[in-house]
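All remarks here apply to the structure that follows.
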Protein chains: 2
Amino acid sequence: MATQLGDKIRELRTKQNLLLRQVASKLDVDTSIISKMERGERPIKKEQVATLAEILNADKQELLTLWLADQVMDVIKDEQFADEALKSVTKKIKKGK
Amino acid sequence: MATQLGDKIRELRTKQNLLLRQVASKLDVDTSIISKMERGERPIKKEQVATLAEILNADKQELLTLWLADQVMDVIKDEQFADEALKSVTKKIKKGK
DNA sequence: TATTGTCTTGACAAATTTTGTCAAATATAC
DNA sequence: GTATATTTGACAAAATTTGTCAAGACAATA
């Protein structure tokens, strides 16, 4: 249930002594949503990742990569042939597309 | 837009001289749905893949892997950091999960 | 060209899922 | 204890997905 990006955001936020409420207002969502995002209970929108990077002074590219990894993980978790499918996709994107 | 699984299904179906209508009735969906599935215009449900394998005398595992690869591809297509995210996920599932 | 059979397309409403909002419950600090 | 911060769950609104259907396009054949 936990996500890489959620964990990272919580880590960044607490290290900077920011309250959920403070991040929430800047992101323009309810406090409960941020709480759930950090704990992987609610998905984080891609556009929100960029905003979060600004709020938390983090590297946008790094957060976006974590976000994408979470998306992929969500699809392959509990899947028997995950490794083979991942290999196939990796190969495919390496050539051009 | 095209999918690996859709292409495979069409290939299997036509090689066996089966009509959309025939596959549709066995799968219990409208003809138009199969048409769209084959061309990647409609997603294929995981449960349907198993049924399709039976109908088309194909290897269930192979089709399921194609299905999963399509799911992953759907998430990472157009993504700038796809390669890095895939690498990260691959590493993560290799150690136990 | 008309006819027949196959496949494709688009529109539509029903069903499902996702989303935000809110209040109450819980936890943490003082 | 009080006060502040976070979590939880319920709920309706909004958005997306789903199946159904009829009409259109296409191909072969007479």
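All chains are named by letter (A, B, ...) in the order of the sequence lines, taking the proteins before the strands, and each is independently numbered beginning at 1. The figures here come from the full heavy-atom set of this structure, side chains too, leaving out hydrogens, waters and symmetry mates.
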Practice task
Decide yes or no on salt bridge (charged side-chain N to carboxylate O under 4.0 Å, His left out) for B:Glu41 and B:Arg39, but give the supporting numbers first.
Solution key: CA-CA 6 Å; B:Glu41 204 181 309; B:Arg39 288 169 300 109; 3.1 Å; yes
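- Put simply, chain A comes within 4.0 Å of DNA chain C, heavy atom to any atom, from C:dT19 to C:dC22, going 5' to 3'.
- Whole-Å rounding puts the A:Ile34 CD1 to D:dT7 P distance at 11 Å.
- Rounded to whole Å, the distance from CZ on A:Arg10 to C1' on D:dA5 is 11 Å.
- Remark: P of D:dT8 and CE of A:Met37 are 16 Å apart, rounded to the nearest angstrom.
- Within a 6.0 Å sphere centred on CD of A:Gln80, other residues, nucleotides and ligands contribute 12 heavy atoms or fewer.
- The side-chain heavy atoms of B:Glu47 and B:Thr51, taken from C-beta on, include no pair separated by under 4.5 Å.
- In the displayed structure, B:Asp28 atom CG is contacted under 6.0 Å by at most 12 heavy atoms of other residues, nucleotides or ligands.
- Counting heavy atoms of neighbouring residues, nucleotides and ligands inside a 6.0 Å radius, atom CD of A:Gln22 exceeds 12 of them.
- Remark: of the listed residues A:Leu63, A:Asp70, A:Thr65, A:Asp70 is the sole one forming a side-chain contact (heavy atoms from CB on, under 4.5 Å) with A:Gln4.
- Closest-nucleotide positions on DNA chain C for A:Ser32 and B:Lys36 were compared, and the one nearer the 5' end corresponds to B:Lys36.
- For the segment residues 42-51 of chain B, residues with any heavy atom less than 4.0 angstrom from an atom of DNA chain D are, sorted by number, B:Arg42, B:Pro43, B:Lys45.
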Problem - Derivation and outcome, salt bridge (charged side-chain N to carboxylate O under 4.0 Å, His left out), residues A:Glu54 and A:Lys26 - result: CA-CA 10 Å; A:Glu54 288 177 25; A:Lys26 291 202 185 185; over 6 Å; no
Handout entry: Pair B:Glu79-A:Lys46, salt bridge (charged side-chain N to carboxylate O under 4.0 Å, His left out): steps then yes or no
Key = CA-CA 11 Å; B:Glu79 286 291 343; A:Lys46 195 182 173 188; 3.2 Å; yes
